[in-house]
Amino acid sequence: MSQSLSPECTPLKKEYDSCFNSWFEGYLEPAVAASASSSTRSAYSERKAEEFQQKCGKIWEQYKSCVQRAVKERGLDKLLQQAREENPLVEPPTPPVK
Amino acid sequence: MHFFSQAFQYDHPWSHVVIGMWHKYPNSKCTHVVSIDTIDRSIDPQTGIIRTERVLGCKQKAPMWIVKLFGGSEDAFVREISFVDPATQNVTITSVNLSLSQFATCYEQIHYTPASATQTSFLQTAEIQARMALWRSAADGLEKWLVQRFEQNAQLGKSGFTDVLRNLWEERDIGSHRWETDSACILAPFQLFFICISWIPLFNSLRQGHSLP
C-alpha cells in the first residue's frame, strides 16, 4: 500500500485504506445487482453508506485531520482551492467519446 | 493545446478492474508516484455513486533546470477525482496537476466501462495546455531577474575596474599628469569587457546547475 505525503499520516492512511477497500469489495457487485430498479438501488445505497460511516468513519476523521494539516504545511491547500474553483467536479463528467 | 488518447481492453470483468484501481500503487513500473492521500470521499445514499478526491505525490522527471527556473520543487502533486457509478457501470477518473499549474495544465481523463462480462474497456484522454498569458508573466519575471543580475554584475565589474584603474594610475600620477586625457578612451572598451566577464558566472550557473541538454 502506498505512503501518505506525510510519514506521520501513513499509519492512519493505511488503516483507512484497508477499511475502505474491504467495505468497497463487499459493496460493488451487489450494488450493480441492486441497480435493477431505483427503489432497490436507493435502499441498498443508503444502507451501505451508513455501514461505511459506522465502519470507517472514526479512522477517516483521524486520517483526514492529519492529511489536512500535511496538505496545508506544503502549501497545497491554496492550489487545491484554486483547482476546485476552476473545476469543482461535484458531478460525474460525461465519459469521453472514442 | 495538445491532445493524447489511447484505448484498449483489460481481460478482467469491470468489477475486478474497479476494485483493482485502489491497489494500483505502489507500482514497480510507475515508481514516480510516491504518495497517495484521500482528501475527500462521499457515497451518495440515493444513487450509490462514490466520489473520491485524492492527492497524488510524484517525483518529477523534469530536467532540474526547468524545475529551478519555474520555481517548482522535485515533488509534484496531482489532484484526482474519481466517480464510481455501479448503476451505469461507469468509472471516470479526472486528474489535473497542482504543481506548476500556473504555467501549464495537464488534464487527464480515464474511463472504465464493461466491454463484455469478462472484459473492460479503458479509454484515456489528456489535454495539455500551456497558459500563454502566464508564460508571458514568467518571461517578464525571467527578464527582470536577468536585468537585476546584469546590474549586479555590472556593478561588480565597475568597482573591480575602478580598483584596477586606481592601482594603475596612482603610481603613474606620482610622476606625470599627461595620461589623464586618454583615460576615457581606454575606459570605454574595458567597461564593455568587464560587463561581458560579469555574465560568465550567470551562464555557468545556468549550464552546470541546471544541466542544460
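Order of the sequence lines fixes the chain letters, A, B, ..., with proteins taken first and strands second; residue numbering starts at 1 for each chain.
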Is A:F20 in contact with chain B via its backbone, its side chain, both, or neither, using a 4.5 Å heavy-atom distance? side chain
At under 4.5 Å between heavy atoms, what parts of residues 74-83 of chain A are in contact with chain B? List them by residue number. A:R74, A:L76, A:L79, A:L80, A:A83
Is the distance from the ring center of A:Y27 to that of A:Y44 below 6.0 Å? yes
Looking at A:W23, I'd like to know if the NZ or CZ of B:R41 sits under 6.0 Å from its six-membered ring centre while staying within 45 degrees of the ring's axis. no
In terms of heavy-atom pairs under 4.5 Å with chain B, which of A:S4, A:A33, A:A49 leads? A:S4
With a 4.5 angstrom heavy-atom cut-off, could you sort out which part of A:E91 is near chain B: side chain, backbone, both or neither? backbone
Got a sec, which residues hit salt bridge (Lys or Arg N to Asp or Glu O under 4.0 Å) with A:E15, two or more places apart in sequence or on another chain? none
B:H12 atom NE2, over 12 foreign heavy atoms within 6.0 Å: no
Cut-off 4.5 Å, heavy atoms of chain B, and the answer for A:E25 is both
Using non-hydrogen atoms and a 4.5 Å limit, figure out which bit of B:D85 sits close to chain A: side chain, backbone, both or neither. neither
Under 4.5 Å, counting heavy-atom pairs only, tell me which of B:L56, B:V18, B:V96, B:V33 racks up the most with chain A. B:V18
The interface call for A:R84 against chain B, heavy-atom contacts under 4.5 Å, is both
By a 4.5 Å heavy-atom criterion (distance strictly below it), what part of B:Q89 contacts chain A: side chain, backbone, both, or neither? side chain
Let's test your reading of the structure: which of B:S15, B:G57, B:P13, B:S5 forms the most heavy-atom pairs below 4.5 Å with chain A? B:S15
Which of the residues B:D40, B:N90, B:T47 is involved in the greatest number of heavy-atom pairs with chain A at under 4.5 angstrom? B:T47
Do the ring planes of B:F122 and B:Y112 sit parallel (below 30°), tilted (30 to 60°) or perpendicular (above 60°)? tilted
If one checks every heavy atom of A:V32 against chain B at 4.5 Å, the contacting part turns out to be both
Tell me which of these, A:S38, A:A36, A:P88, A:S6, has more heavy-atom pairs under 4.5 Å with chain B than the rest. A:P88
Identify which part of A:D17 has an atom lying under 4.5 Å from any heavy atom of chain B, answering side chain, backbone, both or neither. side chain
